[in-house]
Q: 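This is the structure I have questions about; it appears just below.
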Amino acid sequence: MGKRRRYTDAQRAERAAADHELSEQASAILADPHALLKVVGQLASIRSPRIHRFSLRNQVLLLKQAEERGVILVDVDTFKGWSNRGRMVRRGEVSYRVTVPKGREQTGEASEGAEFDEPAEQGSEGEGDGEEARTRFRMAPFFDISQTDGVDEEQPGYDAESIENVTGVLHASLVDQLERFGYSITTGDVPGAVVTADPPTVTVPEGLAVEDLAVALGSILSLPPKERPRQRPAERRTADDAGCISATADGITKTKVRLELGETYGTATAWIHDEWNSGTTVYDVKASRVSGMITVTSSDATQTDLFHAAKVAFGDWSKEDHYRITDAPGAPVINGVDVVGRTSGITRDRAQVITWRTMNIRKPDKWGSTEEAPQKTADRAAAVVRAILRHWLLREDLDTLHVARARFEAPAFQRDAEHITQKLDQQLAALTAERDEHAATAARYASLAETDPQHTDQP
């Protein structure tokens, strides 16, 4: 192993000044809604899971540096990370700088003798042993895949990884960061994001657009450190938590995503499978005390030309739409309870305010019927459904899924309509015959009424 590089005082001072300037530029972008919207647009075109796992501040830092170099980032990792992925960073490549935590130290305790090869960025969080605790940050180097050469293509991660649903991943990340600051997210009749401190609330227009969420988060991140609320640490994530891993088996492609269930229930992972023949999306969910499938599709697809509301069904309904709710395969088990049921007509406005009261959450009973699920089970199930809808409703192809669903439902509705038409034809034929009979009777009565008694032949 080579010797660890040591910097001179002059080099350290120069690096610190450059990092400070870069940090100030990032803060200016975070405070400027127009500049931040440009960043969101750039993020929407990036499919790297690692870039989307960074905080918004670090994403701004990365994109600012890439813009100055005139390059487009594809996939980033540390020097060691690329080595583990079968690639080596080329000698002489200049890194991209982002902030990473460097442990916690008690304020007031000197750190003499500590060797920091990278300068620390200020930041505080948490408490400890009666004194204010501080989470120290430092700028760390990352490299894009374009700065590397391949060494071992058999290593996992050798090629750049890719996200399928970029908007969904970005949306989930922004919501997670806002919630870790302690903010509740609501929708309202507002022209743009509105952030209030007491109670800590972010109000955005209906639809929960990523642009509005990013502007709200940027306004919080750009506050002076003493005015900025304390943020809970993010859960430690691995590459598999990216929410964007794809796998193909038996010709079926599934994508792994990370779902935020809220502070009470933590997070979940789900393998997603689109069944285009039926216009359905199946989420195979795994979380604490949650396991099983939930299907989402367009509600009443044959009644409108474009998507307007969602339908949620517990279990895998991708192949069949006429199960009894207790017979759907793969129905989830939540808190050790089998959960069944379906709910339709869920508009975007209703999606994030779903509770156990508005969900038809049932459990099978021993007589083959169903009964209400226990309260805690219903609450957890509602949280899972909210997270799934938050992810699914951000898809850019909902109208395409809507059309596929309408095509799947149309034959059954056609058969029903043809059956009704046949019955109406039969009723119409019967009514026509009855009408003709009454018309003939009326004609006979009319003929009798017109007979002149004076010209009637007498015997």
Side-chain angles (χ1 to χ4, degrees), residues 29 36-78 81-82 84-87 89 93 95-96 98 142-150 153 155-177 208-211 213-214 217 234 237-249 252-260 267 269-274 276 281 283 388 390-398 400-401:
I29 293 174
L36 198 51
L37 290 180
K38 180 180 177 181
V39 169
V40 172
Q42 292 172 320
L43 288 171
S45 65
I46 293 176
R47 295 188 174 274
S48 165
R50 283 172 174 77
I51 291 177
H52 282 279
R53 284 202 299 274
F54 281 116
S55 66
L56 182 61
R57 176 181 288 277
N58 274 336
Q59 289 169 339
V60 169
L61 286 169
L62 282 171
L63 293 177
K64 175 64 176 176
Q65 295 169 83
E67 183 178 35
E68 290 177 348
R69 301 183 192 187
V71 300
I72 298 176
L73 295 174
V74 176
D75 189 6
V76 300
D77 211 331
T78 61
W82 282 124
N84 292 337
R85 295 170 65 181
R87 289 181 172 275
V89 177
E93 290 288 348
S95 67
Y96 292 86
V98 299
F142 279 74
F143 301 87
D144 186 65
I145 192 171
S146 62
Q147 298 174 287
T148 69
D149 291 321
E153 62 182 17
Q155 288 293 329
Y158 177 85
D159 295 317
E161 295 177 345
S162 179
I163 293 173
E164 294 296 328
N165 184 7
V166 175
T167 304
V169 173
L170 180 55
H171 180 277
S173 174
L174 293 170
V175 168
D176 175 56
Q177 292 176 73
L208 297 170
V210 293
E211 293 83 359
L213 294 172
L217 181 57
R237 304 180 188 178
T238 66
D240 286 344
D241 295 324
C244 54
I245 306 299
S246 294
T248 302
I252 298 175
T253 299
K254 296 184 179 182
T255 302
K256 187 178 183 182
V257 301
R258 181 173 178 265
L259 301 174
E260 298 292 338
T267 62
T269 58
W271 282 99
I272 301 176
H273 166 224
D274 291 325
W276 286 97
T281 304
Y283 287 74
I388 287 175
R390 183 185 299 147
H391 180 269
W392 190 79
L393 287 170
L394 286 170
R395 293 182 60 140
E396 298 175 355
D397 57 357
L398 288 182
T400 305
L401 278 168

Q: Measuring from atom CD of Q155 to atom CZ of R87, what distance do you get when rounded to the nearest 0.5 angstrom?
A: 12.0 Å
Q: Can you name the nearest heavy-atom pair linking Q177 to L56, along with the distance?
A: OE1-N, 3.0 Å
Q: Of all residues at least two apart in sequence or in a different chain, which pass the ring pair (Phe, Tyr, Trp, His ring centres under 6.0 Å) check with F54?
A: F142
Q: Evaluate whether atom CD of E396 has more than 12 neighbouring non-hydrogen atoms of other residues, nucleotides or ligands under 6.0 angstrom away.
A: no
Q: If every non-hydrogen atom of T267 is compared with every non-hydrogen atom of R258, which pair is closest and at what distance?
A: CG2-NH2, 3.3 Å
Q: If every non-hydrogen atom of L398 is compared with every non-hydrogen atom of R395, which pair is closest and at what distance?
A: CG-O, 3.6 Å
Q: Test L63 against every option in I29, I72, L43 by the side chain to side chain contact (heavy atoms under 4.5 Å, CB included) rule and name the one that passes.
A: L43
Q: How long is the gap from CG on L36 to CG on L217, to the nearest 0.5 Å?
A: 8.0 Å
Q: Could you measure the distance from the CG atom of L259 to the OG1 atom of T269? Nearest 0.5 Å is fine.
A: 8.0 Å
Q: Only pairs at least two apart or in different chains count here, so list each side-chain hydrogen bond (donor to acceptor under 3.5 Å, both in side chains) that has a residue in residues 58-67.
A: K38-E67, N58-T99
Q: side-chain contact (heavy atoms from CB on, under 4.5 Å) between I272 and W392: does it pass, once the steps are laid out?
A: CA-CA 10 Å; I272 301 176; W392 190 79; over 6 Å; no
Q: Could you tell me whether D144 and R69 have a side-chain N and a carboxylate O separated by less than 4.0 Å?
A: no
Q: Enter the distance from D274:CG to L401:CG here, rounded to the nearest 0.5 Å.
A: 6.0 Å
Q: Answer yes or no: is there a donor N or O on one side and an acceptor on the other, between the side chain of H52 and the main chain of I46, under 3.5 Å?
A: yes
Q: Enter the distance from Q42:CD to L37:CG here, rounded to the nearest 0.5 Å.
A: 11.5 Å
Q: What's the spacing between Q147 CD and W82 CH2 if we round to 0.5 Å?
A: 9.5 Å
Q: Heavy atoms only: give me the nearest V166-A44 pair and the separation to one decimal.
A: CG1-O, 3.7 Å
Q: Do you know which two heavy atoms are closest between V76 and S48, and how far apart they sit?
A: N-OG, 4.0 Å
Q: I'd like to know if D75 pairs up with R85 as an ion pair, taking the criterion as any Lys NZ or Arg NE/NH1/NH2 lying under 4.0 Å from an Asp or Glu carboxylate oxygen.
A: yes
Q: Measure across T148 and I145 and return the closest heavy-atom pair with its distance rounded to 0.1 Å.
A: OG1-O, 2.7 Å
